[in-house]
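First comes the structure, then the notes that go with it.
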Amino acid sequence: MNEYNDNDFDKTMKFNFNTDKNMKPREIIEYVYEALAEKGYEPVNQIIGYILSGDPTYITSHNNARSIIIKLERDELLEAMLREYLKLDDR
């Protein structure tokens with residue numbers, strides 16, 4: 001049974017992606033890492049390239065990873081990584 005009416009296609013459909021602006025920096029990094037790995041890239045190198053250059057083309061558009069990573073400033077990503085590395089709590 002079709003759950004859509006023929007009239008539904010006259011309206012703009014909203015695609016609700018499972019990721020949103022409420023993702024924590026760690027979640028974003030992990031998500032992007034997985035998307036890069038799925039596409040066969042070396043995720044660490046690609047993420048470092050993005051952070052150093054600011055060029056979003058270092059990040060694949062696979063699974064909307066590029067759009068997700070640019071929601072955070074690069075310094076926020078670095079801060080999250082440093083906090084995790086040093087095992088600092090959120091202050």
Requested in this report: Of all the heavy-atom pairs spanning Met23 and Tyr31, show the shortest one and how long it is.
Outcome: CE-CB, 4.0 Å
Report task. Identify which one of Val32, Ile47, Leu72 satisfies the side-chain contact (heavy atoms from CB on, under 4.5 Å) criterion when paired with Leu77. Result -> Leu72
Report task. Indicate the atoms forming the closest heavy-atom contact of Met81 with Ile29, along with that distance. Result -> CG-CD1, 3.5 Å
Query - Sole candidate of Lys39, Glu38, Arg66 that passes side-chain contact (heavy atoms from CB on, under 4.5 Å) when paired with Thr60 - result: Lys39
Query raised in the report: Is the count of non-hydrogen atoms from other residues, nucleotides or ligands lying under 6.0 Å from Glu73 atom CD greater than 12?
Result: no
Query raised in the report: Going from CD1 on Ile51 to CD on Glu76, what distance comes out if it is rounded to the nearest 0.5 angstrom?
Result: 11.5 Å
Query raised in the report: How close do Gly54 and Pro56 get, heavy atom to heavy atom, and via which atoms?
Result: O-CD, 3.1 Å
Requested in this report: Start with the C-alpha gap between Arg83 and Glu79, add the side-chain angles, then the distance that decides, and say whether side chain to side chain contact (heavy atoms under 4.5 Å, CB included) holds.
Outcome: CA-CA 6 Å; Arg83 286 188 177 282; Glu79 180 183 347; 3.2 Å; yes
Query raised in the report: Rounded to the nearest 0.5 Å, how far does CD of Glu30 lie from CD of Glu34?
Result: 8.0 Å
Query - Spatial distance of atom CG (Leu52) from atom CG (Leu78) [nearest 0.5 Å] - result: 8.0 Å
Query raised in the report: For Tyr58, does the OH atom sit with more than 12 other heavy atoms under 6.0 Å from it, leaving out its own atoms?
Result: no
Report summary line: From the list Leu36, Ile70, Ile68, side-chain contact (heavy atoms from CB on, under 4.5 Å) with Ile59 holds only for Leu36
Report task. Compare every heavy atom of Glu27 with every heavy atom of Lys24, then report the nearest pair and how far apart it is. Result -> N-OE1, 2.7 Å
